[in-house]
Amino acid sequence: MRKIDINEVIDRARFNAFHWQVLFWCALIIIFDGYDLVIYGVVLPALMKDWGLTPLQAGALGSYALFGAMLGAIIFGSLSDRVGRKWIIAVCVILFSGFTLLNGLARDTTEFGLCRFMAGLGIGGVMPNVVALMSEYAPKKIRGTLVAIMFSGYSVGGILSSGLGIVLLPSFGWQSVFYVAAIPLLLLPLILRYLPESVGFMIRQGHEAQARAILHRVEPTFVSLPGDELIAPVLKATGAPVVQLFRDGRAIGTLMLCLVFFCCLLMIYALNSWLPKLMISAGYGLGSSLSFLLLMNVGAIFGAVGGGWLGDRLGLRRVLIVFFLLAAASISLLGFNSPTAMLHALVFIAGATTIGTQILAYSCVAEFFPMGIRSTGLGWISGIGRSGAISGPILGGVLVSIQLPLHLNFIVFAIPGCVAALAMCFVRQRNGRAKSQATTQTV
């Protein structure tokens with residue numbers, strides 16, 4: 001009789017069709033998650049015009065989805081470690097797609113804000129779960145790269161949102177871009193069929209046959225004899241899952257990662273919500289201002305994938321520190337009168353080192369925590385960090401309402417980048433799969 005550690009099987013696996021399947025479905029979910037979240041910045045100028053919103057009102061309205069995302073990340077991130085990731089992901093897809101669709105039918109700010117809050121629950125809840133699922137199945141050598149590629153779907157969604165906004169807004173109004181959100185609801189049966197459940201969860205639930213079948217797909221050379229035991233790491237039951245985030249030397253790292261998420265999400269959502277409006281104020285037309293938002297999300301893809309590749313070789317911590325400093329520099333320069341080519345380059349770099357860096361930060365958190373509390377850690381850290389996302393649109397509304405010079409707005413947006421870089425210096429990256437952090441459970 002052998003004892004087989006499932007992490008060792010997954011770590012040594014070669015990238016194959018099964019990994020493609022997990023990557024495809026997780027990335028597709030994140031694409032529409034990103035679409036639904038970025039969409040507010042796309043329609044903001046039209047909403048302010050149609051409903052006569054002040055900058056403060058617009059900023060507050062933009063924060064409803066982000067407040068929902070904060071709660072969703074905490075609730076669904078923690079819940080999935082107990083009931084499984086697959087069905088939680090499906091529930092979140094229904095929430096963010098269904099209520100974003102209903103946003104297009106909203107008649108006033110109350111209905112609009114309620115739908116954004118409900119959609120936010122799904123937006124926030126799905127992120128930690130797809131990251132945890134992709135991290136669990138990714139081979140060790142390319143784990144950071146695969147998570148970065150998967151999470152780049154967020155930026156693809158932002159590009160799709162901005163691009164459709166340029167095409168649809170002038171002819172069909174702001175409501176039309178919300179109707180596109182119905183697509184994931186049509187794909188839900190396929191998601192439920194082809195997205196696998198967490199193999200660690202299967203073992204904890206005693207579903208041995210399913211776990212063996214999944215491991216064979218992960219690593220086709222894997223052979224399990226009838227008497228073999230599958231071993232999955234789980235933490236000792238010494239407290240609630242959230243308490244485990246601060247045990248075994250993780251307390252400072254957990255707190256610093258919360259601060260990192262707060263700062264990074266503040267920069268992202270301040271820019272996502274107010275970049276088009278600020279560029280209109282600087283004299284650019286609606287189409288041109290939306291193209292900046294599109295370019296920022298294109299940059300995010302390059303930042304995430306390139307940063308993931310560098311992180312697998314140099315360490316994510318080092319890459320994150322450098323990227324945060326580049327984010328602060330590029331954002332602070334956006335408000336100055338620069339040639340068009342230079343301005344485009346700065347927006348591209350800002351996207352690569354804010355949205356792209358946030359994607360890498362999720363991967364960093366996934367590596368920081370053991371499998372048994374990975375979704376809980378991702379959920380709580382991203383949920384607490386969402387307070388930065390809530391603050392971003394409100395901060396932008398305050399700055400616009402007091403009519404600061406354009407360059408000062410961007411300098412304020414850049415300060416959190418320096419704070420995040422400093423916070424990352426205190427994070428000591430740990431191997432989330434280390435046996436020293438866990439006991440084992442067998443079936």
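All residue numbers refer to positions in the sequence shown, counting from 1. Below, each value reflects all heavy atoms present in this structure, side chains not excepted, and no hydrogens, waters or symmetry copies.
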Ring centres under 6.0 Å, that's the criterion: do Tyr194 and Phe24 meet it?
no
How close do Val177 and Gly165 get, heavy atom to heavy atom, and via which atoms?
CG1-CA, 4.0 Å
Hey, are the side chains of Ile31 and Pro184 touching, using non-hydrogen atoms and a 4.5 Å cut-off?
no
With rounding to the nearest 0.5 angstrom, report the CD1 to CD1 distance, Ile191 to Ile89.
9.0 Å
Backbone N or O of Ser97 within a donor-acceptor pair of the Thr100 side chain at under 3.5 Å?
no
As a test of understanding, state which of Tyr269, Phe324, Tyr362 forms a ring-ring contact (aromatic ring centres under 6.0 Å, His included) with Phe261.
Tyr362
side-chain contact (heavy atoms from CB on, under 4.5 Å) assessment of Val427 paired with Leu320:
CA-CA 11 Å; Val427 177; Leu320 285 168; over 6 Å; no
What I'd like to find out is whether the side chain of Val126 reaches to under 4.5 Å of the side chain of Val91, using heavy atoms alone.
no
Side-chain donor or acceptor of Gln175 paired with backbone N/O of Leu105 under 3.5 Å
no
Does the gap between the ring centers of Phe18 and Tyr137 come in under 6.0 Å?
yes
Under a 3.5 Å distance rule, please check whether Thr354 uses its side chain to pair with a backbone N or O of Met267 as donor and acceptor.
no
Contact check, side chains of Leu169 and Val42, non-hydrogen atoms, under 4.5 Å
yes
Contacts of Trp51 that satisfy ring-ring contact (aromatic ring centres under 6.0 Å, His included) - sequence neighbours left out
Phe112, Trp174
Strictly under 6.0 Å, is that where the ring centroids of Tyr154 and Tyr35 end up?
no
